[in-house]
Number of protein chains: 2
Amino acid sequence: MSEKKVSAAVIRRLPRYFRYLGELLNQGIDRISSNELSERMGVTASQIRQDLNCFGGFGQQGFGYQVDFLYNEIGNILGVYNGYTVIIIGAGNLGRALANYRFFNREGYKIIGIFDNAQEVVGETIKDLTVLHVDALEQFMGQQQADIAILAIPRDTVPDIAEKLVKYGIKGLWNYSFAELSFDEPVAVENVHLSDSLMTLSYKVAQLEK
Amino acid sequence: MSEKKVSAAVIRRLPRYFRYLGELLNQGIDRISSNELSERMGVTASQIRQDLNCFGGFGQQGFGYQVDFLYNEIGNILGVYNGYTVIIIGAGNLGRALANYRFFNREGYKIIGIFDNAQEVVGETIKDLTVLHVDALEQFMGQQQADIAILAIPRDTVPDIAEKLVKYGIKGLWNYSFAELSFDEPVAVENVHLSDSLMTLSYKVAQLEK
DNA sequence: TAGATTGTTAATCGATTAACAATC
DNA sequence: TAGATTGTTAATCGATTAACAATC
């Protein structure tokens, strides 16, 4: 295994390549050079070749890259085809929005459960799934293998639930709350701070006005 | 003006400082050294001092930083107190979730309009706001100054609407779609690619299994 | 084969970290 | 004043870009 420890910067660019290649596929383009892709994406061809070669030689000299092949390879690297199962913790507005997020179905992610702690929400049906009480999590996790949990609950409720999920064997946490998470166990965590993104935008807007 | 062109890496860290300082305020801590903050945040004290000094000397030698003062300064830099007005384009699940996102009210952002193109949604009330038809955007923008527009609509509808919004004088676009935006006019754009975040998580999960 | 474009090494650039003089 | 900690310069590290030999 040529595990050279790929930098986070490279990893974060992979989904973008994946998107652009998917787009090319839709357009019926079956072959592309790093140079043409670089023009479309607004990055350097050098960076594209460097990035890809962290994982292997996916191109052919003198020819370029086969779009469908490269698309699939990047999808594999990202684990898009691993059929990861997803549960949503929190059936509020955000949880519902994510439950209906089409990306999950378009790619290989499958939502298999939605949980909430409010009695008036438990029993409701969202996207063919009956909302369960969070207290049912342990039992649920004993019966089904959920790989990823989306944390769409208020900050103060997160640490407790997150710890339980890890205990029950969750592999990844997609955290939409402000809570900072860290565990002794090997768990993948990805934080989505929408407010950070908004404030970054806000900064850019403020800059325009100067 | 000491406009030294602050790097994007620094800008993206500011919201995180802002969050941590807000937390310290809540805890009643009124003074902190770069060293202690670095331990809490898991970054180097050097980086904190370097970052802050891109904007000015906010500390006191031998003493540290006054938490409330620094919090406010960073808020100012980020434009959090500029009272930016926000409109939401798209009253689907995501638009509704964002309409109810408490961060807006907690900080100085004010949602003043929600728009959709579906007749069955227009007229509905979300968060005290009546959903308007997107065709009413021009008139609306003629009467009120909306600073930021949230694009929570399908990709193919984005370019057209975005162009109009820019024409009507929008200053910032918070783009949740896959559409890639670019304009001749000076407009701030911040893209939120939730799917990129999910795939990054997916990659990390896949790594655990090796 | 000649032309094109990759894979990869080397050069550059920028960002992070370390060190320390300034100063509260 | 002495001690502490900043602001800032210098050193290091890593990431990006450029160049080119390998090869399809």
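Order of the sequence lines fixes the chain letters, A, B, ..., with proteins taken first and strands second; residue numbering starts at 1 for each chain. In this text, all values refer to a predicted model and were calculated from it rather than measured experimentally.
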Distance check needed: [N] [atom2] versus [X] [atom1], whole Å only.
{"X": "A/R49", "N": "C/dG7", "atom1": "CZ", "atom2": "P", "value": "8 Å"}
{"X": "A/E36", "N": "C/dT5", "atom1": "CD", "atom2": "C1'", "value": "13 Å"}
{"X": "B/L70", "N": "D/dT5", "atom1": "CG", "atom2": "P", "value": "16 Å"}
{"X": "B/F63", "N": "C/dT23", "atom1": "CZ", "atom2": "C1'", "value": "14 Å"}
{"X": "A/Q47", "N": "C/dA11", "atom1": "CD", "atom2": "C1'", "value": "16 Å"}
{"X": "B/R12", "N": "C/dA15", "atom1": "CZ", "atom2": "P", "value": "14 Å"}
{"X": "B/D51", "N": "D/dG7", "atom1": "CG", "atom2": "P", "value": "12 Å"}
{"X": "A/L37", "N": "C/dT5", "atom1": "CG", "atom2": "C1'", "value": "14 Å"}

Looking only at N and O atoms, is any donor in the side chain of [X] or the base of [N] less than 3.5 Å from an acceptor on the other one?
{"X": "A/Q61", "N": "C/dT6", "result": "yes"}
{"X": "A/S46", "N": "D/dA18", "result": "yes"}
{"X": "B/Q50", "N": "C/dT17", "result": "yes"}

Would one find a side-chain N or O of B/Y65 under 4.0 angstrom from OP1 or OP2 of D/dG7?
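It does, given that an N or O in the side chain of B/Y65 lies less than 4.0 Å from OP1 or OP2 of D/dG7.
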Short side-chain donor-acceptor distance under 3.5 Å, A/N76 and A/Y81:
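A/Y81 vs A/N76: no donor-acceptor pair found between side chains.
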Measure from the side-chain heavy atoms of A/S7 and tell me the nearest of D/dT16, D/dA15, C/dT6.
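Closest nucleotide among those given: D/dA15.
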Using the side-chain heavy atoms of B/S34, tell me which of these nucleotides is nearest: D/dT6, D/dT16, D/dT17.
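Shortest atom-to-atom distance from the side chain points to D/dT6.
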Heavy-atom pair with the smallest gap, counting every atom of B/Y84 and A/E209:
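Closest pair (atom of B/Y84, atom of A/E209, distance): OH-OE1, 3.3 Å.
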Name the one of B/T85, B/I88, B/I148 that satisfies side-chain contact (heavy atoms from CB on, under 4.5 Å) with B/I111?
B/I88
Please classify the nucleic acid contact of A/R31 as base, sugar-phosphate, or nothing, using heavy-atom distances under 4.0 Å.
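The answer is nothing, as A/R31 stays clear of every strand by at least 4.0 Å.
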In Watson-Crick or G-U wobble terms, with both distances under 3.5 Å, the base opposite D/dG7 is C/dC20
Name the pairing partner of C/dA15, where a pair is Watson-Crick or G-U wobble with both distances under 3.5 Å, or state none.
D/dT12
Is there a ring-ring contact (aromatic ring centres under 6.0 Å, His included) between A/F140 and A/Y168? Walk through the geometry before answering.
CA-CA 9 Å; A/F140 182 92; A/Y168 304 154; over 10 Å; no
Between B/Y17 and B/Y71, does the ring centre distance come in under 6.0 Å?
no
